[in-house]
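Structure record follows, encoded as structure tokens.
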2 protein chains.
Amino acid sequence: MKTLPVLDPITDEACCTPAGQPALGAEEAKQKALVFKALADPNRLRLLSIVKAESSGESCVCDLTDPLDLGQPTVSHHLKILVDAGLLHREKRGTWAYYSLVPGALDSVAGLLATL
Amino acid sequence: MKTLPVLDPITDEACCTPAGQPALGAEEAKQKALVFKALADPNRLRLLSIVKAESSGESCVCDLTDPLDLGQPTVSHHLKILVDAGLLHREKRGTWAYYSLVPGALDSVAGLLATL
DNA sequence: TTCATACATTGATGGCGGTCAATATTCGGG
DNA sequence: CCCGAATATTGACCGCCATCAATGTATGAA
């Protein structure tokens, strides 16, 4: 198993889009599709929404299991996908795992749309 | 079969997000996920990219079959998904079908991200 | 050390989705 | 009217994915 980077940590300013015209190559398309795949599930969207709505900016798994009607392993599974996509950040403190939105990640996705 | 609306034709200005805080409901999440599902395939991203890059603003299926390495039925299938998601517009002139980007559709998707 | 809690991982299962071959449909030309 | 071209639809196959039950791992407390 490999946890691939997918979403660049944050690409400086506007600078790195080859041309924009020659249309997406097969490889770039594959990479970008990974991010949208992570967003292509209702429960994952709700997870992002809940984490984002939290005033503290972070949520532990136990707070996320109830709102959705899913088992804990399934929630952990979805969270891993969101982390691998570069959308969520995971920090373990004690027994708990706290998930928070990666700053600017959603904007980066919006950027992906603009550079199609 | 039903071709659902999914992406609103264009929601006026900033106006229609209930609150933003109470997190996504199950139903809204399902609807929004449909749009991202449409974007969650490399070949569909390439289709959007090609159509967008076309100077005329539109492409027929025959122009789209070659760049991707897919059969004609598969391309038509992907195009239908993009149309159902509200991302592409289909106009049939004679024997040909011309596909073009729905104006503002990609921006609407970016809006979906902002209102998570 | 032992136990309980919070979370992650594994394995299995059912269903959805991408692809193709074959066929249907629609349109323009002769 | 008949034929060929462009596209859409159908049916089938297969791999991937969401979900759960069971188990593993790690941390803190007694």
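By convention in this document, chain letters (A, B, ...) are assigned in the order of the sequence lines, proteins followed by strands, and residues within each chain are numbered from 1.
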Distance check needed: C:dC16 P versus B:D41 CG, whole Å only. 18 Å
Side-chain hydrophobic cluster, 4.5 Å single linkage: members besides A:Y98: A:W96
Is any side-chain N or O of A:R44 closer than 4.0 Å to OP1 or OP2 of D:dA18? yes
Rounded to the Å, how far apart are B:K37 NZ and C:dG18 C1'? 14 Å
Across all chains, not counting sequence neighbours, the side chain to side chain contact (heavy atoms under 4.5 Å, CB included) partners of B:P42 are A:A29, A:K30, A:A33
Let me know the distance between CZ of B:R93 and C1' of D:dA5, rounded to the nearest Å. 17 Å
Each nucleotide of nucleotides 4-9 of chain C classed B (base within 4.0 Å of a protein heavy atom), S (only sugar-phosphate) or -, in 5' to 3' order, makes -BSBBB
Mind checking if B:L68 touches a base, just sugar-phosphate, or nothing, with heavy atoms under 4.0 Å? nothing
Residues two or more places apart in sequence or in another chain: which of them pass side chain to side chain contact (heavy atoms under 4.5 Å, CB included) with A:S56? A:E54, A:E58
With sequence neighbours left out, what residues match A:T74 under side chain to side chain contact (heavy atoms under 4.5 Å, CB included)? A:L70, A:H78
Residue pairs passing the salt bridge (Lys or Arg N to Asp or Glu O under 4.0 Å) test where at least one lies in residues 60-79 of chain B, sequence neighbours excluded: none
Expressed as a whole number of angstroms, how long is the span from B:E58:CD to D:dT7:P? 12 Å
Nearest whole angstrom, please: distance from the P of D:dA8 to the CG of B:L88. 12 Å
Can you measure B:R46 atom CZ to C:dT19 atom P for me and round it to whole angstrom units? 11 Å
Mind calculating the distance between CG (A:N43) and C1' (D:dC20) to the nearest angstrom? 14 Å
Do you know which of A:L45, A:L48, A:L106 makes side chain to side chain contact (heavy atoms under 4.5 Å, CB included) with B:L113? A:L106
Which whole-number value in Å describes the distance from B:E91 CD to C:dC27 C1'? 15 Å
